[in-house]
Amino acid sequence: MRHSELLILNFTEIRRRSIILWESLPASHYQWKPDEKAMSAMEMIKHVLEADYGWNIIINRGSMANYQSPWKNRPMKILTEELEFAEPHRQAFLESVGKFSDKELDETEIIHPGNGEKKILGKYLLRIGYHESVHAGQFQCYLRAMNIKRPDIWD
């Protein structure tokens, strides 16, 4: 199995588990947040979904100078609609990952626009998975604080 195939498998499993968590949130709680400075539950979902669009630009070494999110000025709706809207961006991201050779994953340098740090592409992609995983843990904490039963994601 190529490294890119393992990365895609990891991304797919992480997203599958995120969706299980997100689906446990009643629509009546979409705007809940633990404090005024935090993201609401739906804002966190949107943040994770929206990131695929930006990651795809970054890993393909595109410019983020004029970045404009497809989610800009788009009101947050119900989860199923958010997932449907995000799906083409998710697929584009996964297709990009699938095109990288093992050599490219080991040698290509990526510069993260947020801090200017250089990372090797393969390691950068692993950090992308970690980003979503951290938000999955954060979302579990939100569910606990809302007293909503947390689904078992450890199948």
Side-chain angles (χ1 to χ4, degrees), residues 4-100 105 110-115 119 121-155:
S4 61
E5 292 170 319
L6 286 170
L7 287 162
I8 290 170
L9 177 62
N10 190 47
F11 288 133
T12 302
E13 282 299 299
I14 292 168
R15 180 58 52 88
R16 183 178 69 81
R17 286 174 167 86
S18 291
I19 291 171
I20 291 169
L21 289 170
W22 300 339
E23 287 176 337
S24 70
L25 180 71
S28 60
H29 290 68
Y30 281 177
Q31 299 311 314
W32 186 92
K33 54 185 173 179
D35 60 66
E36 284 306 309
K37 293 182 180 179
M39 287 186 273
S40 71
M42 186 55 95
E43 286 170 334
M44 188 187 314
I45 293 169
K46 177 184 170 185
H47 168 75
V48 170
L49 294 173
E50 184 178 29
D52 288 339
Y53 179 77
W55 300 135
N56 198 40
I57 293 169
I58 294 166
I59 66 173
N60 285 300
R61 301 166 92 181
S63 173
M64 295 291 281
N66 296 311
Y67 176 80
Q68 185 146 349
S69 168
W71 279 261
K72 184 178 180 183
N73 299 321
R74 184 179 189 278
M76 291 182 285
K77 300 181 180 177
I78 63 171
L79 178 63
T80 54
E81 290 180 19
E82 292 300 320
L83 292 171
E84 185 178 304
F85 181 78
E87 186 59 24
H89 304 293
R90 179 64 170 182
Q91 289 309 309
F93 169 69
L94 294 175
E95 286 173 21
S96 290
V97 172
K99 292 177 184 176
F100 293 119
L105 291 168
I110 297 295
I111 299 174
H112 185 70
N115 58 21
K119 302 281 182 207
L121 177 59
K123 291 180 181 179
Y124 190 78
L125 289 167
L126 289 171
R127 291 169 64 104
I128 289 171
Y130 182 69
H131 171 263
E132 183 166 339
S133 297
V134 166
H135 283 302
Q138 184 182 14
F139 200 85
Q140 287 180 313
C141 291
Y142 274 34
L143 293 173
R144 178 185 293 268
M146 288 184 266
N147 204 25
I148 294 172
K149 185 177 186 292
R150 293 169 314 285
D152 182 12
I153 58 171
W154 307 110
D155 54 2

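Computed from heavy atoms alone, side chains included, the values below leave out hydrogens, waters and symmetry copies.
- R15 places a side-chain heavy atom less than 4.5 Å from the side chain of E132.
- Put simply, the side chain of L49 reaches to within 4.5 Å of the side chain of W71, judged on heavy atoms.
- Counting non-hydrogen atoms of other residues, nucleotides and ligands closer than 6.0 Å to CZ of R127 gives a total of 12 or fewer.
- Taking every heavy atom of both residues into account, E84 and P88 meet most closely at O-CD, 3.5 Å.
- With no hydrogens or angles considered, a side-chain donor-acceptor pair links Q91 and E87 at under 3.5 Å.
- The environment of N115 atom CG is dense: over 12 non-hydrogen atoms of other residues, nucleotides or ligands sit within 6.0 angstrom.
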Only distances under 3.5 Å count here; give the side-chain donor-acceptor pairs of residues 57-64 to other protein atoms, sequence neighbours excluded, each with its distance to 0.1 Å.
residue : atom : partner : partner atom : Å
N60     : ND2  : N56     : O            : 2.9
N60     : ND2  : N56     : OD1          : 3.1
N60     : ND2  : S96     : OG           : 3.0
S63     : OG   : A65     : N            : 3.0

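- Under a cut-off of 6.0 angstrom, the local environment of CG in D35 is crowded, with over 12 non-hydrogen atoms contributed by other residues, nucleotides or ligands.
- Listed here is the closest heavy atom pair of A41 and H29: CB-O, 4.0 Å.
- To the nearest 0.5 Å, atom CD of residue E50 and atom NE2 of residue H89 are 9.5 Å apart.
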Discussion item. Please determine whether side chain to side chain contact (heavy atoms under 4.5 Å, CB included) holds for the pair F100 and L7, giving the CA-CA distance in whole Å, both sets of side-chain angles, and the decisive distance to 0.1 Å.
Written reply: CA-CA 11 Å; F100 293 119; L7 287 162; over 6 Å; no
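- Scanning both residues, P151 and S24, for their nearest heavy atoms gives CD-OG, 3.6 Å.
- Below 30°, between 30° and 60°, or above 60°: for Y53 and Y67 the angle between ring planes is between 30° and 60°, a tilted geometry.
- Between L25 and M42, the closest side-chain pair of non-hydrogen atoms is not below 4.5 Å.
- To the nearest 0.5 Å, atom CD of residue E23 and atom CG of residue L83 are 7.0 Å apart.
- Ion pairing between K46 and E82 fails under the 4.0 Å rule for side-chain N and carboxylate O.
- Contact check for L125 versus F93: side-chain heavy atoms found under the 4.5 Å cut-off.
- Within the model, atoms CD of Q140 and CZ of R17 stand 11.0 Å from one another, a figure rounded to the nearest 0.5 Å.
- Here the side chain of Y30 pairs a donor or acceptor atom with the backbone of L79 at under 3.5 angstrom.
- H135 and Q138 are linked by a side-chain donor-acceptor pair at a separation below 3.5 angstrom, with hydrogens and angles left out of the test.
- What you find for I14 and G129 is that their closest heavy atoms are CD1-O, 3.5 Å.
- Shortest non-hydrogen contact noted between M39 and Y142 is O-OH, 2.6 Å.
- Using a 4.5 Å heavy-atom cutoff, the side chains of K77 and F85 are not in contact.
- Of the inter-residue distances, the one linking T12 atom OG1 with E5 atom CD reads 11.5 Å to the nearest 0.5 angstrom.
- At most 12 non-hydrogen atoms from other residues, nucleotides or ligands lie less than 6.0 angstrom from CZ of R144.
- Among all heavy-atom pairs drawn from I148 and P26, the shortest one is CD1-CD, 3.5 Å.
- Atom CZ of residue F11 and atom CG of residue L94 lie 7.5 Å apart, to the nearest 0.5 angstrom.
- Atoms CZ and SG, on R150 and C141 in that order, are 8.5 Å from each other to the nearest 0.5 Å.
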